[in-house]
Amino acid sequence: MPDDRVVVRTATVEERVDAIQAALDAKGFDTRKAVEELEHKAQEEWLPRNGARMVARAWVDAEYRKRLLANGREAAAEMGFAMPKHHRHLVVLENAPKVQNVICCTLCSCTAFTLIGLPPDWYKDLQYRSRVVRESRTVLAEMGLALDPDVEVRVWDTTADTRYMVLPERPAHTMGWSEERLAAIVTRDSLIGVARL
């Protein structure tokens, strides 16, 4: 008696990627070029040094700082940093001695990636995304940032069209430093708000 059972095999990730690439190529898209372009941007253009340069400028130029806090997107463009059209707003959050701002994306892993860089693995992790909202002080301590009890922690969740970047507090010992030297001490984690400088 013949066996009429149908065996269903799920395609591997590689096979699915190849199928999508073939379908796009058949429609006239050059997927290989697009992937190469995205890889270049992620490794050469979308880096935390962009946000670091904006922070350093804000530390030495009070007028730029005002513009940055009023309209982050325009202040980024002023320094030559583009943002995707769907990032309609860039809100820059200023840390202070008694205020620590932290950003997250509870739904996925959205960031102002052209300024902060692509999100690190821990930022994408469900534990970070859910816990930083509920128990922010504990999560920050686990990441190495122990804050005094009187420091207010403010957590900001990205939306479909709004991205955030933290303006860290300038370390007191950096007075008199050049803008370039200041930019060199600003880290991706300080731009996200999980570290202080």
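- Nearest heavy atom pair, residue Ala82 against residue Thr114, reads O-OG1, 3.0 Å.
- The minimum heavy-atom distance linking Gly193 with Gln100 is given by the pair O-NE2, 2.8 Å.
- Shortest non-hydrogen contact noted between Pro168 and Leu197 is CB-CD1, 3.9 Å.
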Output, in order, the C-alpha distance, side-chain angles, deciding distance and verdict of side-chain contact (heavy atoms from CB on, under 4.5 Å) for Leu182 and Val186.
CA-CA 7 Å; Leu182 289 168; Val186 179; 5.9 Å; no
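- Taking Arg154 as the reference, Val99, Asn101, Glu152, Trp156 meet the side chain to side chain contact (heavy atoms under 4.5 Å, CB included) condition, with sequence neighbours excluded.
- Annotation for Glu74: atom CD does not count as buried by contact number, only 12 or fewer foreign heavy atoms lying within 6.0 Å.
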Please determine whether side-chain contact (heavy atoms from CB on, under 4.5 Å) holds for the pair Val194 and Leu140, giving the CA-CA distance in whole Å, both sets of side-chain angles, and the decisive distance to 0.1 Å.
CA-CA 6 Å; Val194 298; Leu140 293 175; 3.8 Å; yes
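- Considering only heavy atoms from C-beta on, Gln127 stays 4.5 Å or farther from Glu142 through its side chain.
- Within 6.0 Å of atom CZ in Arg32, 12 or fewer heavy atoms from other residues, nucleotides or ligands are found, so the atom counts as exposed in its surroundings.
- Note that the CZ atom of Arg163 and the CD1 atom of Ile103 stand 10.0 Å from one another [nearest 0.5 Å].
- Looking at Leu145 and Asp189, their side chains never come closer than 4.5 Å, going by heavy atoms from C-beta outward.
- The environment of CG in Asp121 is sparse: at most 12 heavy-atom neighbours from other residues, nucleotides or ligands sit within 6.0 Å.
- No donor-acceptor pair under 3.5 Å is formed between the side chain of Asp148 and the backbone N or O of Asp150.
- A distance of 9.0 Å separates CD of Gln21 from CG of Asp30, quoted to the nearest 0.5 Å.
- For the atom pair Met83 CE and Phe113 CZ, the distance stands at 8.0 Å (nearest 0.5 Å).
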Give the intermediate values and the outcome of side-chain contact (heavy atoms from CB on, under 4.5 Å) for residues Trp122 and Val139.
CA-CA 11 Å; Trp122 57 261; Val139 171; over 6 Å; no
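- Every salt bridge (charged side-chain N to carboxylate O under 4.0 Å, His left out) that Arg196 has, sequence neighbours left out, goes to Glu169.
- Under a 3.5 Å cut-off, the side chain of Arg88 and the backbone N or O of Pro84 do not form any donor-acceptor pair.
- Atom CG of Leu191 is separated from atom CG of Leu93 by 11.5 Å, given to the nearest 0.5 angstrom.
- Evaluation of the salt bridge (charged side-chain N to carboxylate O under 4.0 Å, His left out) rule for Glu78 yields Arg67 as partners, not counting sequence neighbours.
- Atoms CH2 and OG1, from Trp59 and Thr174 in turn, are 6.0 Å apart once rounded to the nearest 0.5 Å.
- Under the 4.5 Å side-chain heavy-atom criterion for Ile, Leu, Val, Met, Phe, Trp and Tyr, Leu68 and Val60 are members of the same hydrophobic cluster.
- Of all heavy-atom pairs between Met165 and Gly51, the closest is SD-CA, 3.9 Å.
- When all heavy atoms of Asp157 and Tyr164 are compared, the closest pair comes out as O-CE1, 3.4 Å.
- Val155 and Val132 get closest at one heavy-atom pair: CG2-O, 3.4 Å.
- The OG1 atom of Thr12 sits 7.5 Å away from the CG atom of Asp18 when rounded to the nearest 0.5 Å.
- Leu107 and Val133 are members of different hydrophobic clusters when ILVMFWY side chains are connected at heavy-atom separations under 4.5 Å.
- Here the side chains of Ser190 and Val55 are not in contact, with every heavy-atom distance at 4.5 Å or above.
- At distances below 3.5 Å, at least one donor-acceptor pair connects side-chain atoms of Arg73 with backbone N or O atoms of His87.
- Aromatic ring orientation, Tyr123 versus Tyr128: tilted (interplanar angle from 30° to 60°).
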Going through the distances and angles, do Cys104 and Val102 end up as a side-chain contact (heavy atoms from CB on, under 4.5 Å)?
CA-CA 7 Å; Cys104 71; Val102 181; 5.8 Å; no
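- Here the side chain of Thr162 pairs no donor or acceptor atom with the backbone of Thr159 at under 3.5 angstrom.
- Counting heavy atoms of neighbouring residues, nucleotides and ligands inside a 6.0 Å radius, atom NZ of Lys98 exceeds 12 of them.
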